[in-house]
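Report on one structure; see the data block that follows.
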There are 2 protein chains.
Amino acid sequence: MFILKLMMVTLSEENYLKAIYHLGRLGSLSVSTNAIADRINAKASSVTDMIKKLAEKNLVNYVKYQGVSLTEQGRITAATVVRKHRLWEVFLVEKLNFRWDEVHDIAEQLEHVKSEKLVSKLDAYLGYPTRDPHGDPIPDKDGNIKSIEKSLLSQLRLNDSCVCVGLIDSSSDFLKYLDKNKIALGSNIQILSKESFDDSMTINVDGNIINISQQISNNLYVKIK
Amino acid sequence: MFILKLMMVTLSEENYLKAIYHLGRLGSLSVSTNAIADRINAKASSVTDMIKKLAEKNLVNYVKYQGVSLTEQGRITAATVVRKHRLWEVFLVEKLNFRWDEVHDIAEQLEHVKSEKLVSKLDAYLGYPTRDPHGDPIPDKDGNIKSIEKSLLSQLRLNDSCVCVGLIDSSSDFLKYLDKNKIALGSNIQILSKESFDDSMTINVDGNIINISQQISNNLYVKIK
DNA sequence: ATTAATATTTAGACAAAACTAAATATTTTA
DNA sequence: TAAAATATTTAGTTTTGTCTAAATATTAAT
């Protein structure tokens with residue numbers, strides 16, 4: 001019989017755990033102080049302070065000068081925050097009709113609301129979605145995600161056909177670029193030509209022929225047909 | 001042409017403004033330091049500190065030893081928080097099927113999420129409700145509420161008929177008592193007898209005959225038919 | 001109208017989370 | 001491998017929001 005120690009995790013702590021989770025590919029890899037500082041817009045010294053606190057609470061593994069990784073408890077805590085973030089994003093887009101480039105900042109706030117019952121009811125209300133509006137996977141109650149096989153569009157070969165299933169960069173600017181060029185999750189894409197000089201390519205997206213730079217194809221996940 | 005100074009109001013500040021708003025009947029009346037301390041579960045000295053800060057920001061009128069009231073700016077800020085609280089309560093009950101005694105604590109968190117667009121979209125999604133699940137009025141975008149004429153059930157006379165439209169106490173315990181006795185917003189109530197000794201009364205609620213104490217009738221708002 | 005009781009404010013401390021500047025490790029480069 | 005560059009940590013402050021204990025004001029009671 002386990003004793004569930006329910007620990008108070010502050011909003012700041014949650015944000016640090018989330019940063020480590022994302023930077024360290026779901027928390028497994030070790031992450032540098034500076035990388036966290038960059039991502040969170042804080043000074044390296046602040047990061048060190050917070051990491052010590054998180055280590056004290058057994059949420060991260062920390063060895064001076066060697067970087068940090070999440071403990072199992074930290075991983076679950078981070079994944080739960082990410083789960084809430086992505087569920088709220090689905091709510092905002094599906095129910096309140098926000099555009100996919102508008103939801104991030106609001107979800108950043110909503111993800112910190114504490115109520116297990118709220119999360120599970122929201123999940124049910126949304127029909128147990130597995131992906132957020134940007135194609136990112138939604139962790140389950142236990143913090144696990146089931147990943148699908150996908151490739152970067154830039155890796156495909158001439159004449160390959162695929163479906164857009166996700167993005168690396170989800171910045172507002174990139175999302176607006178995709179809207180403008182009628183590229184969306186679920187779009188059918190075929191590679192019509194590749195330019196070896198600058199690695200740009202011409203593609204057919206749901207019938208529209210457009211040319212995209214390597215910057216773009218490097219940020220689009222697709223599933224090959 | 002007015003310059004809208006958008007001021008950063010912290011979560012704590014919002015909670016103090018809300019307390020003053022509720023204690024001072026929408027912020028008009030002057031409220032005592034101790035009353036605020038009681039409501040917010042803080043020490044009187046902490047309240048004094050915060051009041052000074054709010055006065056500095058022109059959100060409250062403050063004269064030492066004379067209590068505080070909200071300025072127009074403070075009133076609007078408080079009303080906006082209350083608006084968000086009550087809209088979220090409607091969402092939780094209507095869309096996520098929470099019971100009316102479960103929603104307060106979650107709405108306390110959601111009310112602090114900052115996004116005007118979110119509030120207006122939520123409002124529309126819910127069909128522009130004017131009352132929350134406990135019958136309390138929802139302020140409009142400008143912080144104004146339109147109140148309806150209502151009386152306390154305890155004030156009515158023998159054989160009067162009425163409809164339940166609101167509650168003074170919205171504590172979980174009271175809400176559960178009402179559920180148990182099948183009293184809900186919209187219930188039709190007729191006064192069958194009044195006991196002058198303890199001011200209890202026998203009433204017919206949608207066909208059920210029950211006896212309620214003065215404690216109960218003093219906390220139920222009704223509209224006379 | 002004094003005294004007693006209560007309410008309010010001031011003064012001084014503390015914890016959380018951030019910062020700057022200085023010190024120390026580590027890594028890179030010549 | 002020693003010097004230079006970069007990364008990380010330590011030390012000392014700051015801000016926000018809280019607290020306790022002591023001082024002062026206001027209100028109630030004899």
Side-chain angles (χ1 to χ4, degrees), chain A residues 6-24 29-70 74 77-78 81 108-109 111-112 114, chain B residues 6-21 23-24 29-70 74 77-78 81 108-109 111-114:
Chain A
L6 59 103
M7 196 181 353
M8 187 48 90
V9 181
T10 68
L11 189 147
S12 282
E13 287 168 350
E14 286 190 345
N15 283 334
Y16 274 91
L17 292 174
K18 203 169 40 126
I20 298 166
Y21 179 86
H22 284 129
L23 289 168
L29 278 72
S30 181
V31 172
S32 81
T33 303
N34 259 10
I36 299 171
D38 269 12
R39 185 169 180 113
I40 249 168
N41 277 318
K43 301 296 161 181
S45 54
S46 307
V47 175
T48 303
D49 286 348
M50 182 56 94
I51 284 170
K52 284 177 179 168
K53 214 171 70 169
L54 293 172
E56 200 63 45
K57 290 188 172 186
N58 278 305
L59 293 167
V60 301
N61 306 115
Y62 173 53
V63 184
K64 263 192 195 180
Y65 293 102
Q66 307 306 144
V68 264
S69 61
L70 295 177
T77 306
V81 177
E108 282 296 289
Q109 300 179 65
E111 73 188 6
H112 299 293
K114 281 164 177 57
Chain B
L6 59 102
M7 195 179 353
M8 187 48 89
V9 182
T10 68
L11 189 146
S12 282
E13 287 168 350
E14 286 189 345
N15 284 333
Y16 274 92
L17 292 174
K18 202 170 39 129
I20 298 166
Y21 179 86
L23 289 168
L29 278 72
S30 181
V31 172
S32 81
T33 302
N34 260 9
I36 299 170
D38 270 12
R39 184 169 179 114
I40 250 168
N41 278 319
K43 301 295 160 183
S45 54
S46 306
V47 175
T48 302
D49 287 348
M50 182 56 93
I51 284 170
K52 283 177 179 168
K53 213 170 71 166
L54 293 172
E56 201 62 44
K57 290 187 172 186
N58 278 304
L59 293 167
V60 301
N61 307 115
Y62 173 52
V63 185
K64 263 193 196 180
Y65 294 101
Q66 307 306 143
V68 264
S69 61
L70 296 176
T77 307
V81 177
E108 283 294 291
Q109 300 179 66
E111 74 188 6
H112 299 292
V113 172
K114 281 166 178 57

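Scope of the values below: all heavy atoms of this structure, side chains included, with no hydrogens, waters or symmetry mates. Labels below follow one simple rule: chain letters A, B, ... track the order of the sequence lines, proteins then strands, and each chain is numbered from 1.
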### Message
Measure CD1/I36(A) against P/dA7(D) and give the value in whole Å, please.
### Response
14 Å
Pairs under 3.5 angstrom only: tabulate donor-acceptor contacts from the side chains of residues 32-39 of chain A to other protein residues two or more places apart or in another chain.
| from | atom 1 | to | atom 2 | distance (Å) |
| --- | --- | --- | --- | --- |
| S32(A) | OG | A35(A) | N | 3.1 |
| R39(A) | NH2 | H22(A) | ND1 | 3.4 |

### Task
Identify, with sequence neighbours excluded, every residue that meets salt bridge (charged side-chain N to carboxylate O under 4.0 Å, His left out) alongside K64(A).
none
### Whole-Å gap separating C1' (dT16(D)) and CG (L11(B))
12 Å
### Results of side-chain contact (heavy atoms from CB on, under 4.5 Å) for S46(A) - residues two or more places apart only
Y16(A), A42(A), K43(A)
### Query
Between atom CG in D49(B) and atom P in dA13(C), what is the gap in whole Å?
15 Å
Which protein N or O atoms sit under 3.5 Å from an N or O of nucleotides 20-22 of chain D?
| from | atom 1 | to | atom 2 | distance (Å) |
| --- | --- | --- | --- | --- |
| dT20(D) | O4 | S45(B) | OG | 2.9 |

#### Entry: L59(B)/L70(B) under side-chain contact (heavy atoms from CB on, under 4.5 Å): CA gap, chis, key distance, verdict
CA-CA 6 Å; L59(B) 293 167; L70(B) 296 176; over 6 Å; no
### Task
On DNA chain C, check which nucleotide each of S12(A) and V63(B) is closest to and give me the residue with the more 5' one.
V63(B)
### Query
Rounded to the nearest Å, what distance is computed from the NZ atom of residue K52(B) to the C1' atom of nucleotide dT9(C)?
6 Å
### Query
With K52(B), which residues qualify under salt bridge (charged side-chain N to carboxylate O under 4.0 Å, His left out), at least two apart?
none
### Task
Go through dA18(C), dT18(D), dT9(D) for me and flag the one nearest to the M50(B) side chain.
dT18(D)
## Note on the structure
Regarding the side chain of A44(A), the nearest nucleotide among dT8(C), dT9(D), dC19(D) is dT9(D)
### Task
Quickly work out the D38(B) CG to dA7(C) P distance and round it to whole Å.
9 Å
### Message
Taking side-chain contact (heavy atoms from CB on, under 4.5 Å) as the definition, give me every residue that meets it alongside Q109(A), ordered by chain and number, with sequence neighbours left out.
### Response
V113(B), K114(B)
#### Entry: Under the side-chain contact (heavy atoms from CB on, under 4.5 Å) test, residues paired with D49(A) that sit two or more places apart
none
### Query
Hey, does the side chain of S30(A) reach the backbone of Q66(A) with a donor-acceptor pair shorter than 3.5 angstrom?
yes
### Query
N34(A) side chain: which of dA7(D), dT9(D), dC19(C) is closest?
dA7(D)
### Message
Using the side chain to side chain donor-acceptor pair (under 3.5 Å) criterion, which residues pair with K57(A)? Sequence neighbours excluded.
### Response
E13(A)
### Message
Mind checking if T48(A) touches a base, just sugar-phosphate, or nothing, with heavy atoms under 4.0 Å?
### Response
base
### Message
From CG of N41(B) over to C1' of dC19(D), roughly how many Å is that when rounded to an integer?
### Response
14 Å
### Message
Can you measure E56(B) atom CD to dT16(D) atom P for me and round it to whole angstrom units?
### Response
12 Å
### Message
Does a side-chain N or O of Y16(B) approach OP1 or OP2 of dT18(D) to a distance below 4.0 Å, or not?
### Response
yes
### Query
How does protein reach along nucleotides 24-29 of chain D, written 5' to 3' as B (base within reach of a heavy atom under 4.0 Å), S (only sugar-phosphate), or - (no contact)?
BSS---
